[in-house]
Amino acid sequence: MADNSLPESWRFIKQVVEGRWFAVFASFLIMIGAGSTYIFGTYSKAIKSQFDYNQTQINTLGFAKDLGSNFGVFAGLLGEVAPPWVLFLVGSALNFWSYFMIWLSITGRISKPPFWEMFVFICVAANSQNFANTAVLVTSVRNFPDRRGIILGLLKGFVGFGGAILTQFYLALYGHDNPTNLVLLLSWLPTVASMLFFLSIRPIKVRKDPDELRVLYHLLYVSIILALFLLFLTITQKQTVFTQEAYMSGATVIIGLLLIPLLIAIREEFMLFKLNKQTLNNNPTVPILMPEHEPSPKAPPTIQKIPEASTSCFSMTFKKPQRGEDFTILQALFSKDMALVFIATLTACGASIAAIDNLGQVGESLGYPSQTISIFVSWVSIFNFFGRVFSGFISEALMTKYKLPRPLMFAFSHLLTCIGILFIAFPYKGSVYAASLIIGFGFGAQVPMLFAIISELFGLKYYSTIFNCGQLAVPIGSYILNVDVIGKLYDIEAAKLGGVKNGKGLTCTGTHCFSGSFLILAVVVLFGAVASLVLAYRTRDFYKGDVYNRYREDMWIPQSDMEFYCIDDRKKGDDNLARMDMPPKYNFLKS
């Protein structure tokens, strides 16, 4: 029941902070912190110069970052048994400890750590984001079960340009002279964001809002404006010299844009609050129901058959339920669908990361000026965002309206990435600009669709563990393609043609340096596209049905609609309330 003893303004504030849209706003801010893994290249220079590491050691630390950011099994398993706030606390503690230790090391406040310790610090720093990432994604998918493609696209989009936002905050607070301060910022800012909102993100069980899609589109428009402003700001900073005041002005605009989703949340809750108030004035006998702190009401328990004693866990692993039902972890991992998802992810995502990690070296070998090479990285980040949000919205629309399998759009993103890689395999003047745009967009499009496909095929019961197991393919693919393909072929080409030794290993200049390795990457991505097409063919009948039907049936009437229907139906003498599927605690409204 609503606490009528509170003043009206406090009741409204309470409704806002406990609402589903405020949870989305809080999720955006937390996911920005998860973008810290994308700016490793900025502070890795400070690590290299401080500890006199060679390029091989820096690449190894880069692999530690990729391994940590994609090894989310521990976060997934913890998410199966603990509420979201526990994951936020664990992730915040690991984030602060790891980045703070890196900062103490590179500033000389503690003795130089052995290389393996720095490897662990960076791996833990990247891995810490998986706890917040898992809590936000799993909770949001359960709060928006039939809009999961859209909400995943938005959330992963904020991760995509999170690195750019954190960089602007670093420039505004510390300036650009000392990149070690960026590490200090990464230690406290994401931690503070998680600690401020760790109680706001939780499962909120409500009926589908008819205006839900409209609100999500409003959030999309805000995120696009923010991405365009970041793109403008990044390009402008490369062309002109910014003062500290100019950096602070840019950060102020970013903060203002980030607060717009909060205003949208307040607007939506205000509409519900007015409806509640109007209902109470029209009929004081109808109680006003407000969100409660207790867990969401659950459907009546179903009687489950106890498996016979002769049925082993191993045999149950291969007795899989229908697609869309809740798979166990082992049932999902040993399924043919997951094998195809793993192959497509290993090839396409692994090749995308390998290509992105080498864009700077590619530009150098093709004779691009050093100031333009940094633009490649910025464009990858910005168009990574566009790929994430548009793939979420477009794939959701094509799936629900035209019944196209989402793996078919997954295959299309692979083909798009393949085209971008071919721009480097067969370079021409300015082709790396186009490649950075296409590869960034293609890789961004892959991420939310991967998470959505796993949730749709294998259910949400063990989603936190299953999707973290699925993304383990990413570091495996990136390591193989980055080290064993691109790195080795580059060294062979440099040695074959008398590459220059400059203290950082052999350097190669010319189109031949990366053409062979990127041609191999294109073939690998094409193979992943074939795997996605096979998955699309296998799941075509599943996607022709109503994928989200079981989740719509599990939703119940929110307090505003319940009060409105109660009064309206009593006046008409209808018996609609008796046909409503409401939790037992609201049965009194049917009388």
Side-chain angles (χ1 to χ4, degrees), residues 13-39 43 68-69 72 74-79 81-104 121-140 142-143 154-156 158-159 161-163 165-170 172-174 181-204 251 254-259 261-262 265-266 291 293 295 464 468:
I13 294 174
K14 183 174 182 290
Q15 178 177 325
V16 169
V17 298
E18 292 181 351
R20 191 168 52 148
W21 295 112
F22 184 84
V24 172
F25 161 71
S27 298
F28 287 164
L29 299 186
I30 292 176
M31 295 303 272
I32 289 173
S36 60
T37 56
Y38 290 96
I39 50 179
Y43 65 85
S69 61
F74 295 130
L77 291 174
L78 182 60
V81 298
W85 63 267
V86 174
L87 275 74
F88 286 123
L89 292 180
V90 173
S92 298
L94 292 176
N95 178 84
F96 180 80
W97 174 81
S98 54
Y99 277 115
F100 194 66
M101 292 301 295
I102 297 172
W103 179 75
L104 291 176
F121 291 156
I122 291 179
C123 186
V124 172
N127 187 257
S128 66
Q129 304 304 327
N130 281 315
F131 291 88
N133 193 61
T134 299
V136 168
L137 292 183
V138 173
T139 304
S140 298
R142 289 171 177 168
N143 287 344
L154 281 171
L155 292 172
K156 299 303 289 186
F158 272 82
V159 176
F161 60 38
I165 293 176
L166 292 171
T167 300
Q168 294 302 319
F169 287 164
Y170 150 70
L173 293 173
Y174 301 106
N181 289 326
L182 176 60
V183 182
L184 179 62
L185 178 77
L186 296 180
S187 70
W188 66 264
L189 186 57
T191 302
V192 169
S194 293
M195 296 303 294
L196 283 176
F197 300 108
F198 75 100
L199 291 178
S200 299
I201 300 173
R202 68 201 189 284
I204 304 173
I254 292 173
I255 293 173
L257 292 173
L258 288 176
L259 290 176
L262 174 60
I266 294 174
H293 292 286
S464 62
N468 277 303

Closest non-hydrogen contact found for Asn133 with Met31 is OD1-CE, 3.0 Å

Looking only at heavy atoms, the pair that brings Ala26 and Ser200 closest together is CB-CB, 4.4 Å

- Message: Does any part of the side chain of Ile255, heavy atoms only, come nearer than 4.5 Å to the side chain of Phe169, both counted from C-beta?
- Response: yes

- Message: Are Phe22 and Phe197 packed together at the side-chain level, in the sense that at least one heavy-atom pair is separated by less than 4.5 angstrom?
- Response: yes

Interatomic distance, CG@Asn95 vs CG@Asn127, rounded to 0.5 Å, equals 11.0 Å

State, without any angle test, whether Asn468 and Thr134 hold a side-chain donor-acceptor pair at a distance under 3.5 Å. yes

When rounded to the nearest 0.5 Å, the distance separating CE of Met101 from CZ of Phe96 is 11.0 Å

The side-chain hydrogen bond (donor to acceptor under 3.5 Å, both in side chains) partners of Tyr99 (sequence neighbours excluded) come to Ser36

* Asked: Would you say Phe28 and Val24 make side-chain contact, with heavy atoms under 4.5 Å?
  -> yes

The residue among Leu166, Ile165, Ile32 that forms side-chain contact (heavy atoms from CB on, under 4.5 Å) with Leu189 is Leu166

### Query
Does the side chain of Val86 come within less than 4.5 Å of Phe198's, by heavy atoms?
no

All heavy atoms of Ala135 vs all of Ile201, minimum pair found to be O-CG2, 4.4 Å

Item to complete: Answer yes or no: does atom CH2 of Trp97 have more than 12 heavy-atom neighbours from other residues, nucleotides or ligands under 6.0 Å?
Response: yes

The reported gap from CZ in Arg20 to CD1 in Ile204 (rounded to nearest 0.5 angstrom) is 7.5 Å

Nearest heavy-atom contact between Ser128 and Ala125 is OG-O, 2.6 Å

### Task
Decide side-chain contact (heavy atoms from CB on, under 4.5 Å) for Leu185 and Tyr174; before the verdict, give the C-alpha distance in whole Å, the side-chain angles of both, and the deciding distance to 0.1 Å.
CA-CA 9 Å; Leu185 178 77; Tyr174 301 106; 4.0 Å; yes

Set out, in order, the CA-CA distance, both residues' side-chain angles and the distance that settles side-chain contact (heavy atoms from CB on, under 4.5 Å) for Leu29 and Phe25, then state yes or no.
CA-CA 7 Å; Leu29 299 186; Phe25 161 71; 3.6 Å; yes

Output for pair (Arg142 CZ, Leu137 CG), nearest 0.5 Å, gives 11.5 Å

Note: Ala132 and Ile30 closest approach over all heavy atoms is CB-CG2, 3.8 Å

### Task
For the pair Leu87 and Asn130, evaluate side-chain contact (heavy atoms from CB on, under 4.5 Å) and give the outcome as yes or no after the intermediate values.
CA-CA 9 Å; Leu87 275 74; Asn130 281 315; over 6 Å; no

Practice prompt. Quick one: do Leu186 and Tyr43 satisfy side-chain contact (heavy atoms from CB on, under 4.5 Å)? Show the steps, please.
Written response: CA-CA 11 Å; Leu186 296 180; Tyr43 65 85; 3.9 Å; yes

Practice problem: Without swapping roles, check the side chain of Ser194 against the backbone of Thr191 for a donor-acceptor pair under 3.5 Å. | Solution: no

- Item | Distance flag, aromatic centroids of Phe100 and Trp103, threshold under 6.0 Å | yes

Looking only at heavy atoms, the pair that brings Gln168 and Ala251 closest together is O-CB, 4.3 Å

CG of Leu77 to OG of Ser464, rounded to nearest 0.5 Å, is 7.5 Å

Sequence neighbours excluded, the answer for side chain to side chain contact (heavy atoms under 4.5 Å, CB included) partners of Ser140 is Ser27, Val136, Ile151, Leu155

Is the side chain of Asn143 donor-acceptor paired with the backbone N or O of Arg202 at a distance under 3.5 Å, no angle test? yes

